[in-house]
Number of protein chains: 4
Amino acid sequence: MNAAQQPASRARGRPRSQASEDAILDATLELLSDCGYRDATVEAIALRAGASKSTIYRRWPTKENLVIAAFARSPLLHAPARGDVCAQLSATIEQFARYMQETPLGAVLPVLVAERGRNPALDQALQPLVRQRREPLGEILTAAIARGELPAGIDIELAQDLLMGPVLQRIMVMGKRVDRPFIDAVVSNVCGGLRAAAGS
Amino acid sequence: MNAAQQPASRARGRPRSQASEDAILDATLELLSDCGYRDATVEAIALRAGASKSTIYRRWPTKENLVIAAFARSPLLHAPARGDVCAQLSATIEQFARYMQETPLGAVLPVLVAERGRNPALDQALQPLVRQRREPLGEILTAAIARGELPAGIDIELAQDLLMGPVLQRIMVMGKRVDRPFIDAVVSNVCGGLRAAAGS
Amino acid sequence: MNAAQQPASRARGRPRSQASEDAILDATLELLSDCGYRDATVEAIALRAGASKSTIYRRWPTKENLVIAAFARSPLLHAPARGDVCAQLSATIEQFARYMQETPLGAVLPVLVAERGRNPALDQALQPLVRQRREPLGEILTAAIARGELPAGIDIELAQDLLMGPVLQRIMVMGKRVDRPFIDAVVSNVCGGLRAAAGS
Amino acid sequence: MNAAQQPASRARGRPRSQASEDAILDATLELLSDCGYRDATVEAIALRAGASKSTIYRRWPTKENLVIAAFARSPLLHAPARGDVCAQLSATIEQFARYMQETPLGAVLPVLVAERGRNPALDQALQPLVRQRREPLGEILTAAIARGELPAGIDIELAQDLLMGPVLQRIMVMGKRVDRPFIDAVVSNVCGGLRAAAGS
DNA sequence: CAGTAATCGAGACGGTACGTCCCGTCTTTAT
DNA sequence: ATAAAGACGGGACGTACCGTCTCGATTACTG
């Protein structure tokens, strides 16, 4: 079961260079940030990483996959341990909003999303990437329910959609900036709605 | 009305063919739907429309603009005249969700969004397209406030984000289908939140 | 029959640029001469010709075919009108030898020859190229027979092999230079042999 | 004789495997024959030989040198001891023609020749290979002169060119087959020419 | 018999040319 | 002036191969 994973006798041949991989992914993020998706040429990425195109294509079959891998290394959201549920949610969402607006993720996520419909493998790769960013919200909500701050019986999945949706849509689809007051308003409304639904 | 458009002396030379324009926009939508954005080549569109590339580029400066023009012909959402605010909102959003999931818009919108960051002209063109789809929600909300179904002082813009965001995000980012129960849950929660906020 | 060839109504669309074609073929010969076959990159040829790779590949499917086309423009051999048969043959062969040794043809012909075995289309293209260079020898021999300088009944094809073979082999296979005395010796031997065969 | 090769103390470390070397050279000839020079990848040769690329490149610096080494193992031509000079020459040349037409040598020689111009080391390696195949002709001619079958004062080198040239050219450049009657005609003509030159 | 040094298979690596594809423009003739 | 046809310059993509390198595993000689 886990034996398959352990390198029984170390793979033969020259091992892949972790340094190269890191340099390539870093270069990808940098160029994405500097030039955008279209102008971040695979050749330019190779050049900046001090690697060769072969090394890139040996690891990732297409440019899209490379970009996904680069973003997969982006930091997870960190839910604060203290504060009431609204403050925790706001702080967490703000991290996400900042990441979307101040790194190339904001520019690239739509492209990945667009490509996913045509590329099932990419869909598989993108799924956990997105899901992990949402997970902290679920944990906060679960804890709040346990503390009695929110009523039991809440659909966590739905709540995540209600919280993330407006932010993502405003950034991606509307092309507007998201600031703390907006996030607070969203969180406040969603929490209010959740409590009202339980009370009815 | 149309007199304003028509100059003193008609433009000289052969007039542009409206038939060509329609054929091109139809072919664009069809190919987008069949092959996705990337594989919907301008050349292929011209072929299917029985037009030539020059005819296309004479009207729209880039492929992106062509695609936007094609979508600009999509029907507006139609807010039902009767029912309480929740029912009206649900029905309207359902139209939108169906349109996103059963036409190529769902696949193409992210690409347009992605390209917009790099292309201000496209941004200008995309803005009203998106805004018009949201507008009916604003009208429903305004009327509900006037009827006293919702408290006054509601931020209409925010409410639109709260309603559309979860749906768009679920379809585009999560890659899941949106059905009527989900829409009802969103609408119910948002309305509950709006009322709770007023009550507090 | 010949109607198929005549441009009844001129091919539609923008015609191919003869200037581009000439520039490309010239650049090919120049680069071949400067850098050899391997280093005469298609990209470099396009650059020097002020053309694009697309334009090159639209006309010739591979680099080999491009190179053949370039050589197909090389000048034909010119048989001198006066002199006895040996002098005429020597002069003609010397033209060929000079062309082989002072232009890139000498470096490229072997590659074409090598590729031919694997590429029937290339074979078809190379055949007349080679044959035309030999033809003047046949004419000289035929005229000499008519004048009585050589006996009738000579196998012209064989005689061409006997004359060209030693020169080509010395240049291509042995990698040595061919000078006038060598050519004279070959011609003298072949003519002597042809006369001796008739006399026996 | 072989003592000169063997140093005072044998080289240290694991000795090179003769079996590998043989397998590599055999695989080279086979693949050359099956696929031609270009498609006979070093990697494919290694695979078929059950060797690794390092083992190949440790012995031969480039692919060209490997190919030459493979051909260097081809059998020398064997001059028959009996018969008149024409019969001996014909028999010897026929061996060569058969070897050129029924082994990959015919396909590869032009490539080696082409590459030689750009690679002096390869030139050094190719020279003896070619020369050895011609040598038997020289011996036959020398013996014939000694026997009085051919006049003294013949330029042996030239005679070799006259004999081999037409055959090589017909096979390589013209892409035609060479049969015994053709060889006989060449030999007969050359011998006739040599005798005629002496008589004049 | 343990140590050392060169070889072996495997396969990753940098580099570079190839040939394909598409975009947006330009140049024809025909309407 | 616009239309269809299609060539053009430009430039990214992904593939393939070369010759080098880095691994762990052999295989002989050597102290």
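Residue numbers begin at 1 in each chain, while the letters A, B, ... track the order of the sequences.
Residue-to-nucleotide contacts include no donor-acceptor pair under 3.5 Å from the side chain of D:Thr41 to the base of F:dA16.
Proximity of residues 60-68 of chain D to DNA chain F (heavy atom under 4.0 angstrom from any strand atom) is restricted to D:Thr62, D:Lys63. Listed in residue order, the members of residues 19-27 of chain A having a heavy atom less than 4.0 Å from DNA chain F come to none.
The side chain of C:Ser17 approaches F:dC8 more closely than any other nucleotide in the set F:dA4, F:dA3, F:dC8. Checked against E:dC26, F:dG19, E:dG14, the side chain of A:Ser52 finds its nearest nucleotide in E:dG14. In the set F:dC8, F:dT15, F:dA4, the nucleotide with an atom closest to the side chain of C:Arg14 is F:dC8. Distances were taken from every side-chain heavy atom of D:Thr55 (C-beta onward) to each of F:dC13, E:dC18, E:dC8; the shortest belongs to E:dC8. Closest approach to the A:Tyr57 side chain among F:dG14, E:dC8, F:dC18 is made by F:dG14 (side chain taken as heavy atoms from C-beta onward).
Residues meeting the salt bridge (Lys or Arg N to Asp or Glu O under 4.0 Å) test with D:Arg59, sequence neighbours left out: D:Glu21. With sequence neighbours excluded, the residues satisfying side chain to side chain donor-acceptor pair (under 3.5 Å) with A:Asp22 are A:Gln18, A:Arg73.
Annotation: the terminal axes of the helix from E:dC1-F:dG31 to E:dT31-F:dA1 meet at 10°, where each axis is the rotation carrying the C1' atoms of four end pairs onto the next four (5 pairs per end, rounded to 10°).
If you take CD1 of D:Ile45 and P of E:dG9, they are 14 Å apart, rounded to a whole angstrom.
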Residues 40-50 of chain D side chain polar contacts: donor-acceptor under 3.5 Å, at least two apart:
residue	atom	partner	partner atom	Å
D:Arg48	NH1	D:Glu30	OE1	2.7

